[in-house]
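Everything below concerns the one structure shown next.
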2 protein chains.
Amino acid sequence: MDTSALPTKDRLIRAAAQLFRSRGYHGVGLNDLLAEATAPKGSLYHHFPNGKADLALAAATWASDEMLRVIAASFAGAKTFEDGATTLCFKLAKLFDLTGQQDGCPVGSTLFEGLGNAEFLRHAERCYEGWIEEVQDHANRFGLQEADARRRAEHVFLLIQGGWQLARARKSSEVLRGLPELFAYAPQRASTTGKN
Amino acid sequence: MDTSALPTKDRLIRAAAQLFRSRGYHGVGLNDLLAEATAPKGSLYHHFPNGKADLALAAATWASDEMLRVIAASFAGAKTFEDGATTLCFKLAKLFDLTGQQDGCPVGSTLFEGLGNAEFLRHAERCYEGWIEEVQDHANRFGLQEADARRRAEHVFLLIQGGWQLARARKSSEVLRGLPELFAYAPQRASTTGKN
DNA sequence: CAACCAATAGACCAATTGGTCTATTCCTAT
DNA sequence: ATAGGAATAGACCAATTGGTCTATTGGTTG
């Protein structure tokens, strides 16, 4: 993606999202960051008065919104919930390969290091909750009961998070592509168990 | 855990494991580390000639071995594979609560940041593979077919990794305690699918 | 054109980073 | 007792960290 035409603020956000994802919040210095975004330090502190921390929050938000779009696109043409979830896994596998097979979860890598920064943690939770809800909405759309939709959505989230982590260690997207096998047969259980 | 009686090298390893887990490799300075371990800099470079990187590898190894022990303990008194896996989830939930509900995966937090350091990544994969194999061995012990045991073990690994991440964002071990519901009904599938 | 403010630009700073190096202390084997 | 290496101790270092500050540019209003 060529970002050179974007306004400075967006270049900063994207460079931050990319770098944080691959090296973690503390692993990225402002020098690297500004070089990558081809922006001077003055611009950073103009657009983000609180500096690195503000930028990290913005980067996580942007990356999280991207993820929401990927989820929506995956379920857009789906015939069933499993269908959409499967597409999602494959899309993410492709994304994993395209980004060098080394990056972590954009939200986790960026926000899970600000030791004492409670704001970071709260924001991470919001992002994750947003992803789960997006999946859950599609589950609802396919007729799943409220509670069941929630459970299925969370299940998919957990597998993808875990899968991404293992994929990273293995430098291979294979795990991600194998996820559908794991939730495809998952039970419509608890409240509906009685009927099966 | 009072570590003050341990030899310096072990104090360093444990302090490193603890700090890296909560703040990530780059989030921990040698000053914090040495203060936490109450050791002077000279000792660090005596025991770990390559400094921080060596220490991180040692810390990850130590933490990984601890995890192997937790897995073994969980399956030790188990009647079935699900039984053991369930105990494991609950043990980890308790561990999560005891460690302040904020720490990440000891291996991932420590090793997934050394950008160019291929050694880190390789070591992370070895650790993860070790965990999966340990679970797989118990699955075998309960009579599961080789391929199926492998799949079940990996499934448990993925759920725990994802669950831990979500638990961290939510500052709650609830997710971890709910994991057994998700793999309890998992299919003995693939090679056996034809018969169903 | 002038006034004004958003944005860019980068010099500069104190604090911290990971790491090196020289002393000194401690323990053990002879 | 003493020689010698393991271990401890911390002063010291260059490089980098995140952040501040002043100066300048650019564009949009009046």
Side-chain angles (χ1 to χ4, degrees), chain A residues 3-60 109-120, chain B residues 3-60 109-120:
Chain A
T3 60
S4 62
L6 290 172
T8 304
K9 188 172 183 180
D10 294 290
R11 283 201 326 273
L12 284 168
I13 289 178
R14 300 205 189 189
Q18 184 201 311
L19 289 176
F20 287 153
R21 195 155 77 176
S22 81
R23 292 191 232 153
Y25 181 76
H26 291 292
V28 178
L30 291 191
N31 290 350
D32 304 341
L33 224 167
L34 294 170
E36 176 74 23
T38 53
K41 201 163 275 195
S43 296
L44 203 185
Y45 284 87
H46 172 73
H47 294 291
F48 303 95
N50 285 329
K52 202 185 183 188
D54 269 4
L55 182 53
L57 290 173
S109 300
T110 306
L111 301 178
F112 275 153
E113 290 190 15
L115 52 159
N117 197 335
E119 173 79 7
F120 275 25
Chain B
T3 60
S4 61
L6 291 171
T8 303
K9 187 172 184 179
D10 294 293
R11 285 203 322 274
L12 283 168
I13 289 178
R14 300 204 189 190
Q18 184 202 311
L19 289 177
F20 288 153
R21 198 155 73 176
S22 80
R23 293 190 232 154
Y25 181 75
H26 292 292
V28 179
L30 291 190
N31 290 351
D32 304 342
L33 224 167
L34 294 169
E36 176 74 23
T38 52
K41 202 163 273 193
S43 295
L44 203 185
Y45 284 87
H46 173 73
H47 294 290
F48 303 96
N50 285 331
K52 203 186 182 186
D54 269 3
L55 181 52
L57 289 173
S109 300
T110 306
L111 301 178
F112 275 153
E113 291 190 15
L115 55 160
N117 197 335
E119 173 79 8
F120 275 25

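What you see is a predicted model; the values in this text were computed from it and never measured.
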Problem set entry | Closest non-hydrogen atom pair, Ala15(B) against Glu36(B) | CB-CG, 3.6 Å

For this session: Classify every nucleotide of nucleotides 7-21 of chain C by which part a protein heavy atom approaches to under 4.0 Å, writing B for the base, S for the sugar-phosphate alone and - for neither, in 5'-to-3' order.
Result: BBBBB-----SBBB-

Problem set entry | Derivation of the side chain to side chain contact (heavy atoms under 4.5 Å, CB included) call for Phe120(A) and Glu113(A) | CA-CA 8 Å; Phe120(A) 275 25; Glu113(A) 290 190 15; over 6 Å; no

For this session: Would you indicate whether the side-chain heavy atoms of Leu57(B) and Thr110(B) approach each other to under 4.5 Å?
Result: no

Exercise. Considering all heavy atoms of both residues, which atom of Ala56(A) and which atom of Leu111(A) are nearest to each other, and what is their separation?
Worked result: O-CD2, 4.2 Å

Exercise. Which value, rounded to the nearest 0.5 Å, describes the distance between Leu55(A) atom CG and Leu33(A) atom CG?
Worked result: 5.5 Å

